[in-house]
Amino acid sequence: MPELPEVETTRRGIAPHVERQKVTAVRVYDRRLRWPVPRDLSRRLVGRVVDRVDRRSKYLLFRLGRDTLIVHFGMTGSLRVYGTAPARRTHDHIDLEFGNGVVLRYHDPRRFGAMLWSPAAAGEHPLLAALGPEPFSVGFDAAYLFASTRTRRAAIKIALMDNRLVVGAGNIYANEALFRAGIRPTRAANRVSRERLARLVAAVRQTLAAAIAKGGSTLRDYVDSDGAPGYFQLEYNVYGREGEPCRVCGDPIRAIRQAGRATYYCGRCQT
DNA sequence: AGAGGTACCTGGCAGC
DNA sequence: TGCTGCCAGGTACCTC
């Protein structure tokens, strides 16, 4: 589920409730996530203060002094804020309780997510080390994208979803950004002109910013930290719209598969 | 280095 | 009603 907009929406919802708060309890109901939740997580966290909640790519980073708690939502993970711990429901896996009474509860049906401890002494966590630039950073521009795609013969959509190139665009927003930029997803990355890559940079930013403004997308599971859905799915131009008319030209939206993922595009607007 | 496929896991849905 | 197969927002890891 969660691509950058959903993670950022969650971060914004959580931060005011937990920043500068002391962790008072950690309850791990099921440690079987993508990697096992560390057995000593409670010992590491209890008594520590969360200074800040950051986001890098689709990771939430809880900063406690120079140490970091890393949270990733995988496909179906979510974090919700409660004033007091409600009864546990299916797929509720972890509770973090704070001095102000707030309970952060991690919920994840498919358990592709992760909760990991990254001590300052170990340096930057390997999961974060090779990530490309943030889409809203100055480092992500046409010159960068041009230079980093010249040896790439894979389709531009595959490149756009490669976290080493740029982070944050998953399957939904890669499809939507390519539509906005007028670029066909199957075009070889190294055959997209500098000018069109500049449009793609702008399109990625506009798409992600619009999605954040709508609280992200809710297809099935995703809810924000208050349990509310996102609404950006109502504004999709191509994702999930196979056979429906293009909102610009009226041609039916096409669906294909690339690297095992569904790709949607308009055959007339995207070249 | 780059590209492609597989795996992790649960649930919802279409089709029979 | 129930079974089977396919699909789903991510990404590490493997082989070629």
Side-chain angles (χ1 to χ4, degrees), chain A residues 1-11 29-37 55-60 70-79 89-93 106-116 125-132 135 147-178 185-191 204 207-208 211-212 214-224 229-236 238-243 255-264:
Chain A
M1 146 217 342
E3 302 184 35
L4 186 149
E6 292 74 30
V7 179
E8 178 61 21
T9 299
T10 300
R11 189 195 68 77
Y29 304 111
D30 192 339
R31 65 179 68 256
R32 297 173 304 161
L33 300 186
R34 173 152 202 173
W35 297 280
V37 177
R55 179 191 55 73
R56 172 76 172 105
S57 183
K58 299 167 190 168
Y59 296 90
L60 281 183
I70 299 176
V71 177
H72 194 279
F73 293 151
M75 293 277 263
T76 55
S78 59
L79 266 181
R89 297 196 299 175
T90 311
H91 308 308
D92 287 345
H93 304 313
Y106 182 78
H107 176 92
D108 188 355
R110 291 174 74 178
R111 289 189 278 114
F112 284 177
M115 192 171 296
L116 298 168
H125 196 280
L127 285 172
L128 308 178
L131 293 174
S148 55
T149 51
R150 290 313 89 187
T151 60
R152 291 214 175 215
R153 284 184 286 183
I156 184 67
K157 183 192 173 219
I158 305 302
L160 192 53
M161 291 178 66
D162 184 340
N163 281 337
R164 294 169 302 179
L165 202 66
V166 61
V167 302
N171 199 36
I172 293 174
Y173 299 113
N175 276 298
E176 294 296 321
L178 286 164
T186 50
R187 177 175 286 270
N190 65 354
R191 296 195 55 250
V204 167
T207 302
L208 294 175
I212 291 169
K214 294 287 175 177
S217 300
T218 295
L219 299 182
R220 296 175 187 74
D221 319 81
Y222 174 73
V223 288
D224 71 13
Y231 293 97
F232 189 69
Q233 69 279 5
L234 302 174
E235 298 181 17
Y236 289 168
V238 289
Y239 186 84
R241 297 191 65 238
E242 180 179 9
I256 59 172
R257 291 192 82 77
Q258 290 180 283
R261 314 299 296 262
T263 294
Y264 303 90

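For clarity, every value in this text was computed on a predicted model and none was experimentally measured. Throughout, protein chains are lettered first and strands after them, A, B, ... in sequence-line order, and every chain is numbered starting at 1.
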Exercise. Does a side-chain heavy-atom distance below 4.5 Å link Phe232(A) with Tyr173(A)?
Worked result: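 Answer yes - side chains close enough.
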
Exercise. Is the shortest heavy-atom distance from the side chain of Thr263(A) to the side chain of Asn175(A) under 4.5 Å?
Worked result: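 Side-chain contact under 4.5 Å: yes.
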
Exercise. Can you name the closest pair of heavy atoms from Trp35(A) and Leu116(A) and give their distance?
Worked result: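 Here Trp35(A) and Leu116(A) meet closest at CE3-CD1, 4.0 Å.
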
Treating [X] as the side-chain partner and [Y] as the backbone partner, does any N or O pair qualify as donor plus acceptor under 3.5 Å?
X: Gln258(A); Y: Lys157(A); answer: no
X: Glu6(A); Y: Glu3(A); answer: yes
X: Gln233(A); Y: Thr218(A); answer: yes
X: Thr76(A); Y: Arg110(A); answer: yes
X: Arg150(A); Y: Arg152(A); answer: no

Exercise. Just checking Arg32(A): base, sugar-phosphate only, or nothing, at a heavy-atom cut-off of under 4.0 Å?
Worked result: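 Counting heavy atoms under 4.0 Å across all strands, no contact is made by Arg32(A).
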
Exercise. Base, sugar-phosphate alone, or nothing: which one does Tyr239(A) contact when heavy atoms must sit under 4.0 Å apart?
Worked result: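 Here Tyr239(A) touches the backbone only, sparing every base.
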
For this session: Check ring-ring contact (aromatic ring centres under 6.0 Å, His included) between Tyr59(A) and all other residues, then give those that pass, not counting sequence neighbours.
Result: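 So Tyr59(A) forms a ring-ring contact (aromatic ring centres under 6.0 Å, His included) with His72(A).
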
Exercise. Does Arg32(A) have any salt bridge (charged side-chain N to carboxylate O under 4.0 Å, His left out) partners at least two apart in sequence or in another chain, and if so, which?
Worked result: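 Salt bridge (charged side-chain N to carboxylate O under 4.0 Å, His left out) check on Arg32(A) returns Asp30(A).
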
Exercise. Under the salt bridge (charged side-chain N to carboxylate O under 4.0 Å, His left out) test, which residues partner Asp224(A), sequence neighbours left out?
Worked result: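 None.
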
To the nearest angstrom, how far is [X] atom [atom1] from [N] atom [atom2]?
X: Arg261(A); N: dC7(C); atom1: CZ; atom2: P; value: 12 Å
X: Asp108(A); N: dA8(C); atom1: CG; atom2: P; value: 18 Å
X: Arg220(A); N: dG9(C); atom1: CZ; atom2: C1'; value: 8 Å
X: Leu127(A); N: dC13(C); atom1: CG; atom2: C1'; value: 12 Å
X: Leu60(A); N: dG10(C); atom1: CG; atom2: C1'; value: 14 Å
X: Leu128(A); N: dG10(C); atom1: CG; atom2: P; value: 17 Å

Exercise. Quantified in whole Å, what is the P atom distance between nucleotide dC13(C) and nucleotide dC9(B)?
Worked result: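 Each nucleotide's P atom is 15 Å from the other's.
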
Exercise. If the P atom of dA1(B) is compared with that of dT11(C), how far apart are they to the nearest Å?
Worked result: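 These two P atoms come out 22 Å apart once rounded.
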
For this session: Check whether any side-chain N or O of Tyr59(A) sits under 4.0 Å from OP1 or OP2 of dG10(C), and answer yes or no.
Result: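 Tyr59(A) to dG10(C) OP1/OP2: no side-chain N or O under 4.0 Å.
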
Exercise. Does OP1 or OP2 of dG9(C) have a side-chain N or O of Arg110(A) closer than 4.0 Å?
Worked result: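 Checking dG9(C) against Arg110(A), no side-chain N or O comes under 4.0 Å of OP1 or OP2.
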
Exercise. How many angstroms lie between atom CD1 of Ile70(A) and atom CZ of Arg56(A), to the nearest 0.5 angstrom?
Worked result: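 Result: 12.0 Å between the selected atoms.
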
For this session: For Ala259(A) and for His91(A), locate the closest nucleotide of DNA chain B by heavy-atom distance; then report the residue assigned to the nucleotide nearer the 5' terminus.
Result: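 By nearest-heavy-atom nucleotide position, the 5'-most residue is Ala259(A).
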
Exercise. Of Ser148(A) and Arg111(A), whose closest DNA chain B nucleotide lies nearer the 5' terminus?
Worked result: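 Closest to the 5' end, via its nearest nucleotide, is Ser148(A).
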
Problem set entry | Face-to-face contact Tyr222(A) to dG9(C) six-ring, under 5.5 Å, under 30° |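 It does not: the two rings, one from Tyr222(A) and one from dG9(C), miss the stacking criterion.
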
Problem set entry | DNA chain B: 5'-most and 3'-most nucleotides touching chain A, 4.0 angstrom heavy-atom criterion |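 Footprint of chain A along DNA chain B, 5' to 3': dG2(B) to dG11(B).
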
Problem set entry | Interface with DNA chain C, restricted to residues 153-170 of chain A and to heavy atoms under 4.0 Å |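 Close to the strand are Asn163(A), Gly170(A).
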
For this session: Identify all stems in which DNA chain C takes part, counting only runs of at least 3 consecutive pairs (Watson-Crick or G-U wobble, each distance under 3.5 Å), and give each as one range with another, ordered by first number.
Result: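 Stems (3+ consecutive pairs) listed as B:2-8 with C:10-16, B:10-16 with C:2-8.
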
